[in-house]
Structure formats: structure tokens, C-alpha cells
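The next block holds one structure in the form of C-alpha cells; read it before the comments.
Per chain, numbering begins at 1; letters A, B, ... match sequence-line order.
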There are 2 protein chains.
Amino acid sequence: MSPRSSLAEAARTRSAILARGVAVASVEGLAGLTIGRLAADLGMSKSGLLGPFGSKESLQLQVVEAAADIFWREVWEPVADRPPGLARLAAVCGSWVGYLARPAFPGGCFFVAAASEYDDRPGPVRDLVLGYADRWHRELRDQARRAVADGDLPAGTDPEQLVFELTGLTLALHQALRLRHDPHAVPRACQGMARLLGVPVHAAA
Amino acid sequence: MSPRSSLAEAARTRSAILARGVAVASVEGLAGLTIGRLAADLGMSKSGLLGPFGSKESLQLQVVEAAADIFWREVWEPVADRPPGLARLAAVCGSWVGYLARPAFPGGCFFVAAASEYDDRPGPVRDLVLGYADRWHRELRDQARRAVADGDLPAGTDPEQLVFELTGLTLALHQALRLRHDPHAVPRACQGMARLLGVPVHAAA
DNA sequence: CACTATAGCGAACGAACGTTCGGACGCTAT
DNA sequence: ATAGCGTCCGAACGTTCGTTCGCTATAGTG
């Protein structure tokens with residue numbers, strides 16, 4: 001506990017709070033994340049923790065943003081150099097499966113939990129989660145469109161339908177891994193994706 | 001509120017508590033269900049509400065059981081008279097989609113929310129939810145096995161893989177309905193299921 | 001070397017949490 | 001008629017919730 005801090009130290013404190021917040025929220029849920037619990041985990045006082053954020057809702061929103069950064073970095077960036085279309089889509093599927101299986105957060109994917117938790121709770125948190133979900137959905141759909149336009153997927157393939165089914169496979173993977181501890185979940189997800197795409201899908205390390 | 005009750009009245013009170021508990025938990029989550037909130041909703045005192053159950057955890061467990069009864073009655077029983085194998089599997093898929101789209105609970109499917117909420121929280125609640133999930137999984141797998149044995153699905157079809165992908169489609173349907181309010185979600189789920197089964201799937205009313 | 005800004009602490013707040021206890025009331029059976 | 005039982009209420013408990021306030025101690029600025 002050496003409070004020899006400066007303005008740069010404050011930014012590091014903020015990062016530590018958000019990192020821990022994402023981890024806790026992936027297990028306990030975003031609503032179950034409490035100031036006292038988080039402060040105790042980090043050896044801080046409740047007031048010191050709430051200071052940089054002002055309110056719990058503001059903290060929640062920034063936790064969602066921090067989780068989105070991690071998702072983007074872990075799933076998208078490793079495959080961003082692949083050529084757009086089918087190659088990139090297949091690569092992002094493998095990256096996505098690897099991210100879920102790793103897992104990146106102690107409670108599995110933060111957004112799977114947050115989407116289910118806030119799908120029926122109107123408010124800024126739901127709006128933000130939905131915004132990131134939409135962005136991801138559009139990203140996948142655009143790659144699928146490109147793949148169809150390139151002739152790498154059968155003509156007449158509906159990109160929206162494809163994304164719907166790919167998303168379903170990742171949700172099934174998440175449930176099989178987290179709830180059922182199914183050791184065959186990863187190859188099953190890859191197999192389903194490969195059948196949809198017509199090319200092999202390999203879970204990224 | 002005429003407390004001219006008897007032992008039969010007590011059972012009715014218990015049912016009302018559980019019915020309301022399932023509804024609230026499908027929106028707020030099983031952990032977010034609070035004694036005070038539930039008592040206020042029903043015009044009861046907290047002590048009177050907790051009486052028949054003894055503790056919150058016991059109440060939660062019985063809420064899970066009540067939700068399982070509803071799921072079974074709404075999804076399984078309407079198609080239980082269909083011949084086992086592919087016919088019953090296709091019918092149950094349509095029934096399942098109808099149940100999710102209706103929806104049976106104000107917050108969508110109780111078990112989709114509970115599975116995600118408790119997948120990383122060890123304890124009796126997780127164990128019970130997992131037990132019902134396993135039972136449902138086995139039921140579907142048995143029908144898929146029968147369909148393969150009957151020659152109604154291609155030889156070499158892996159029943160476990162089929163159930164994995166069907167489950168994924170229902171999870172994608174739930175997310176598309178609850179979070180994204182996608183009006184095309186139901187036909188997409190039916191189309192994906194029909195492709196997996198080789199026969200049409202119609203969402204039940 | 002003072003001066004100001006600020007990061008974080010400690011204490012306190014009102015509200016809500018789950019839980020416990022004694023008593024009031026209405027039913028059933030003697 | 002009355003005794004007994006079960007249902008539910010009202011009040012209170014200790015704890016934790018999110019939030020606010022004043023304070024100390026340090027870092028950077030002139």
C-alpha cells in the first residue's frame with residue numbers, strides 16, 4: 001500500500017478496478033457486482049473505489065466497455081490480417097471458439113452472461129450491451145456477404161441466416177463448457193461451423 | 001384478501017408465491033429475486049412469504065422446480081403422443097420454438113437465464129438446474145438415436161452433435177428475441193432446425 | 001519553498017437485504 | 001363451547017447495499 005501516486009497512478013488504479021470488475025462480473029453477473037466486494041478484493045475503501053466513477057451504473061458501463069475491448073483484442077485482432085470474406089470468417093470462428101474455451105474471463109464470456117442478464121432490463125446497460133452485440137453481428141454479416149459475393153459460399157446463401165446459426169453454435173458451446181463441462185464441446189462447435197462454411201474451422205490456441 | 005384460510009388455502013398461497021417467483025426470476029434473475037420484492041408484489045409480509053419455505057435458497061430451489069413443471073407441460077406434453085423418433089423430435093422442436101416465442105415467462109425462458117446465471121456458481125441451485133438440463137438433453141438425444149435407428153436420419157448421424165446444434169438454435173432464438181427483438185428470429189430457427197432434421201419444423205401456437 | 005490540486009481513506013447515512021420471534025386470528029375437532 | 005393448530009402479520013435483529021462528506025497525504029507548479 002504505497003500511495004506515492006500521481007495522475008498516472010490514478011489511471012492504473014482505474015484499470016485495475018475495471019479488470020477486476022470484468023472478472024467478477026463474468027461470474028457473479030453485472031448486477032451482482034458490488035462496490036464493497038470489489039473494494040475488498042483490491043484492498044481499497046468503498047469510497048476510494050467509487051471515486052473515479054461516481055456511481056455504480058457508471059462503473060457498470062465502463063466495465064462493459066472494458067470487456068468489449070478485451071473481446072475485440074482476443075477475437076478480432078488476431079485474424080484482422082486475413083483476407084476479407086470466407087477466409088476471415090472461418091478464422092474468426094476459430095478465434096471465437098478459442099476465446100470461449102480458454103476462457104478469457106473466469107466466468108466464461110462476459111457478453112453471453114450480460115446479454116442474458118440484461119435482455120429484459122431496460123436502461124443504459126442494456127443499450128450498451130445491445131450496441132456491442134449489434135456491432136459484432138454486423139461485422140460477421142459483412143464477412144458472410146463478401147464470401148457469398150466472392151462465390152466462396154453457395155449462391156443464395158442468406159448471410160443473416162448464417163450468422164444466426166454461427167451465433168447459436170457459440171452459445172451452445174458456452175453452455176456446454178460452463179454448465180455441462182462437456183469435454184467434446186469444442187470439436188462439436190467446430191464441426192457445426194465447418195459444415196455451415198464448407199471449410200474446416202480450427203479452434204485457436 | 002380474505003384470510004378465511006385452511007390447510008388448502010396454504011397450498012394455494014404457496015402456488016401463488018412460486019408462480020410469481022418464476023415470473024420475476026425470469027426477468028430479474030434467480031439471485032435478484034428478493035423476499036421483500038416478492039412479498040410486496042403479492043401483498044404479503046416478508047415473514048409470511050418465507051414461512052412455507054424456511055430460507056431463500058429453499059425458495060429458489062422450489063422456483064426452479066416450478067419452472068421445470070411449466071417447461072415440461074408447455075413443450076413436452078403437447079407432443080408426447082407423437083410417434084417416437086424423427087416425428088416426435090421435429091414436433092418437439094416446433095413446440096420448443098413456440099414456447100420461446102410466446103413467451104411462457106415474461107423474461108423469456110427461465111432456464112436459459114438460470115443456466116447462464118448459475119453456470120459458475122457452485123451450490124444446490126446450480127446442481128438442480130444442471131439436473132434438469134441433463135434430463136432434457138438426454139430426452140432429445142434418445143429421440144435422435146431412435147430416428148437414426150429407424151433410418152429417418154442419415155446413417156452415421158451423431159445424435160449428440162445433432163442435439164448440440166438444435167440447442168444452439170434455441171439459444172440463438174432466445175437471444176435474437178429477447179435482446180435484439182429480431183422479427184425474423186422464429187423463421188430462422190425453424191429453417192435451421194429443418195435443415196438439421198431434413199423435415200419441416202413449424203413453430204407451435 | 002509555499003501553494004494548489006487530487007487520490008484515496010474512514011466514518012456515516014438511509015434503505016434494503018435475509019432471518020427470527022411472539023402474537024393475533026380463523027379454522028377444525030373434541 | 002373451547003382447546004388446539006396452523007397461517008400469516010408486525011416488529012425487530014444484524015448485515016450489506018450505494019452514496020456522501022470531510023480529511024490526510026502526496027505530487028506537481030510557481
Side-chain angles (χ1 to χ4, degrees), chain A residues 1-22 24-25 27-64 66 117-118 121 123-126 128, chain B residues 1-22 24-25 27-64 117-118 121 123-126:
Chain A
M1 239 2 71
S2 53
R4 46 171 170 74
S5 51
S6 69
L7 47 96
E9 198 82 11
R12 214 170 315 155
T13 300
R14 206 190 82 105
S15 298
I17 293 172
L18 291 178
R20 187 75 191 183
V22 172
V24 172
V27 175
E28 313 278 351
L30 201 43
L33 186 146
T34 68
I35 312 286
R37 156 77 192 276
L38 206 48
D41 280 7
L42 294 168
M44 297 181 63
S45 67
K46 292 200 294 177
S47 55
L49 187 139
L50 198 55
F53 304 99
S55 72
K56 178 176 179 178
E57 186 176 83
S58 168
L59 170 63
Q60 288 174 318
L61 293 172
Q62 297 192 41
V63 164
V64 173
E117 191 178 5
Y118 278 88
R121 298 204 222 180
V125 175
R126 185 199 131 90
L128 188 60
Chain B
M1 253 339 88
S2 54
R4 47 169 169 74
S5 52
S6 68
L7 46 97
E9 197 80 11
R12 215 171 312 156
T13 301
R14 205 191 82 103
S15 298
I17 294 172
L18 290 178
R20 187 77 193 181
V22 172
V24 172
V27 176
E28 312 279 349
L30 201 43
L33 188 150
T34 68
I35 312 286
R37 156 76 191 278
L38 205 49
D41 280 7
L42 294 167
M44 298 181 61
S45 66
K46 293 199 293 176
S47 54
L49 188 139
L50 198 55
F53 304 99
S55 73
K56 178 176 179 180
E57 185 175 84
S58 168
L59 169 64
Q60 288 174 318
L61 293 172
Q62 297 193 41
V63 164
V64 174
E117 191 178 6
Y118 279 89
R121 298 205 221 180
V125 175
R126 185 198 132 90

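On a pure distance criterion of 3.5 Å, a polar donor-acceptor pair joins the side chain of A:Ser47 and the base of C:dG10.
Distance CG (A:Leu42) to P (C:dC9): 10 Å, rounded to an integer number of Å. With rounding to whole Å, A:Phe53 atom CZ is found 13 Å from C:dA7 atom C1'. The nearest whole Å value for the distance from the CD atom in A:Glu57 to the C1' atom in D:dC17 is 16 Å.
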Could you go over nucleotides 13-17 of chain C and give all protein N or O partners under 3.5 Å, atom names and distances?
unit_1 : atom_1 : unit_2  : atom_2 : d
C:dC17 : OP1    : B:Thr34 : OG1    : 2.9

Should A:Thr13 and A:Leu42 be marked as a side chain to side chain contact (heavy atoms under 4.5 Å, CB included) after you check the CA-CA gap, both sets of side-chain angles, and the distance that decides it?
-> CA-CA 10 Å; A:Thr13 300; A:Leu42 294 168; over 6 Å; no

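Residues passing the side chain to side chain donor-acceptor pair (under 3.5 Å) test with B:Arg20, sequence neighbours excluded: B:Asp41.
Remark: B:Thr13 is in phosphate contact with D:dC8, judged by side-chain N or O atoms under 4.0 Å from OP1 or OP2.
Of the residues in residues 14-22 of chain A, not one places a heavy atom less than 4.0 Å from an atom of DNA chain C.
When each of A:Gly54 and B:Ser45 is assigned the nucleotide of DNA chain D with its nearest heavy atom, B:Ser45 is the one assigned upstream, toward the 5' end.
For the pairing with A:Leu30, the side chain to side chain contact (heavy atoms under 4.5 Å, CB included) check across A:Val22, A:Val24, A:Val64 returns one residue only, A:Val64.
Across all strands, A:Leu50 comes closer than 4.0 Å to base atoms (heavy-atom distances).
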